[in-house]
Amino acid sequence: MVTASIRKEMYALADCNNFYASCERVFEPQLEDKPLVVLSNNDGCVIARSQEAKALGFKVGDPIFKFKDAVRQHNVIVRSSNFALYGDMSHRVMQTMRLFSPDVEVYSIDEAFIELVGLRGRNYENEMRRMRATILQWTGIPVSIGIGKTKTLAKLANHYAKRTIGIGGVAKIPQNPNEMLKTIEVGDIWGIGRQWSTKLRNIGVKTAFDLAAMDPTLIRDSFNIIAMKTAMELRGHKYFHFEQTPDQRKTLLRSRSFGKPVETWQELSEAIASHATRAAEKLRNENLVAKVLRVFFHTSLFNHRDPRHSTHAVVELIPPTNVTHDIIKAAVGAAEPMWQAGFKYKRAGVHLTDLSSGQVQCSLFDSEEKRIQDKRIMNVLDAVNAGMGAGTLHYAATGFTKVMQMRQLRKSPRYTTHWDELPECLCGLHEVQGGMSHISQNTK
DNA sequence: TCTGGGGTCCTAGGACCC
DNA sequence: TCTGGGGTCCTAGGACCC
């Protein structure tokens, strides 16, 4: 028998099960088997659920205040979101994956694609089972893994793994995938959302098998090129490439709903200055400058009793910049003429676009002297805040009022990233052994 | 009383030019 | 009364993702 060494593409998609809920459970094992939901900023709506909460009918996006009775009746555990914890746990999971394959594309906070060709000769499913067990042991986070010839098929296998074998486990698209494709509803395919799946069902396309069989040109004409590529990927043709190093970002948005309605220019301007500050920090962190700034604010989208107002302004930053005081000045300056008293504003934000990493070109009005001085100030600012805690040094424009403070009544400690919030007794932790100390060197 | 916060890409249509 | 045709660039809006 001749074994041809044809390089066959194969991808895995590893996805953390109920990620935020799982993170909460790692340090509080008594939450295991209990219905648990995690809320958005300001404790607004549900953004993650444990399996038990899913079974009770909690949906992502449900405003929690409407479900008070259900929460009480079923003893649902409710947590504010704790992104310091989730981000750090995510990093640990991804680092563990990299021990199994160097080719990891981090796709979101809780999932990653893994190129498997590098694991030459080994049994992919066995390797992925081993990886899954290691991640669970070292981090306490359960993952599900799907394997397929394209990213879309790997996603689909992941979905299949969760649905048919229960939570967890590893599933691979079989040689002849038709029977499996027939069991996947068209709306469960990666890239086919609510609008498109409704439209597809209306023309009789109900399953992944149906979509794969559809005429590509017709898909392209009725939807768009992405829908067509998705269908081709279901047939096993690669259209979405593996991207280990993410492309440079194109936009950056910092915005937030207010804990309570804002009715004064003072409060609004402080909020805008805070968003501008956070956006500028992020820019510097990624070595980018922004050329265009958009600032916006509006009243509640849900409150129909009070007068409503929504507005935005766009300004060009000349020259492109990542200097905090320049960005604050532009944002607040553009917002001020739009301010109108008599409204209860609910949300504001700063959106930076036309980002580039290129050297800043000096404009006629820009002096080399100012540039050097600004750079020095930003270096000091960033160093102090990195060393002594975010916000230690801040601009007066961001204010001293509490307008930016979030309502987060049920937040768990930042167990893994802050010394004073470390879990005090590790003996209660189950399944987390050995490896934890091994990968925790990166924090602090 | 209380409804998240980010991103990406594609398409249609208007402005403008020759 | 007749009222081109093609190209580019930009933007808003809509779809999708987590």
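Values below: all heavy atoms of this structure, side chains included; hydrogens, waters and symmetry mates excluded. Numbered from 1 within each chain, the chains take letters A, B, ... in sequence-line order. Small disclaimer: the values here were computed from a predicted structure and weren't measured.
- Counting any heavy atom pair closer than 4.0 Å across all strands shown, A:R220 reaches no nucleic acid atom.
- Between A:R25 and A:E52 there is a salt bridge, since at least one side-chain N of the basic residue sits less than 4.0 Å from a carboxylate O of the acidic one.
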Only pairs under 3.5 Å count here: list side-chain donor-acceptor contacts from residues 289-302 of chain A, not counting sequence neighbours, and write none if there are none.
{"unit_1": "A:T299", "atom_1": "OG1", "unit_2": "A:H309", "atom_2": "N", "d": "2.9"}
{"unit_1": "A:T299", "atom_1": "OG1", "unit_2": "A:H309", "atom_2": "O", "d": "3.3"}
{"unit_1": "A:S300", "atom_1": "OG", "unit_2": "A:F302", "atom_2": "N", "d": "3.0"}
{"unit_1": "A:S300", "atom_1": "OG", "unit_2": "A:N303", "atom_2": "N", "d": "3.1"}

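- Checked against salt bridge (charged side-chain N to carboxylate O under 4.0 Å, His left out), A:R347 has no partners two or more places apart in sequence or in another chain.
- Of the residues in residues 189-206 of chain A, none lies under 4.0 Å from DNA chain B by heavy-atom distance.
- A 4.0 Å heavy-atom criterion places the boundary nucleotides of DNA chain B facing chain A at B:dT1 to B:dT11, written 5' to 3'.
- For the pair A:V104 and A:F113, the minimum side-chain heavy-atom distance is 4.5 Å or more.
- Heavy-atom distances under 4.0 Å link DNA chain B to A:P63, A:F65, A:K66, A:K68 of residues 63-79 of chain A, given in residue order.
- Counting only Watson-Crick and G-U wobble pairs whose two distances sit under 3.5 Å, DNA chain B takes part in these stems of three or more pairs: B:5-18 with C:5-18.
- Under a cut-off of 6.0 angstrom, the local environment of NZ in A:K346 is crowded, with over 12 non-hydrogen atoms contributed by other residues, nucleotides or ligands.
- A salt bridge links A:R130 and A:E127; the closest N-O separation between the charged side-chain nitrogens and carboxylate oxygens is under 4.0 Å.
- Here the separation of C:dC17 from B:dG4, taken at their C1' atoms, is 15 Å to the nearest Å.
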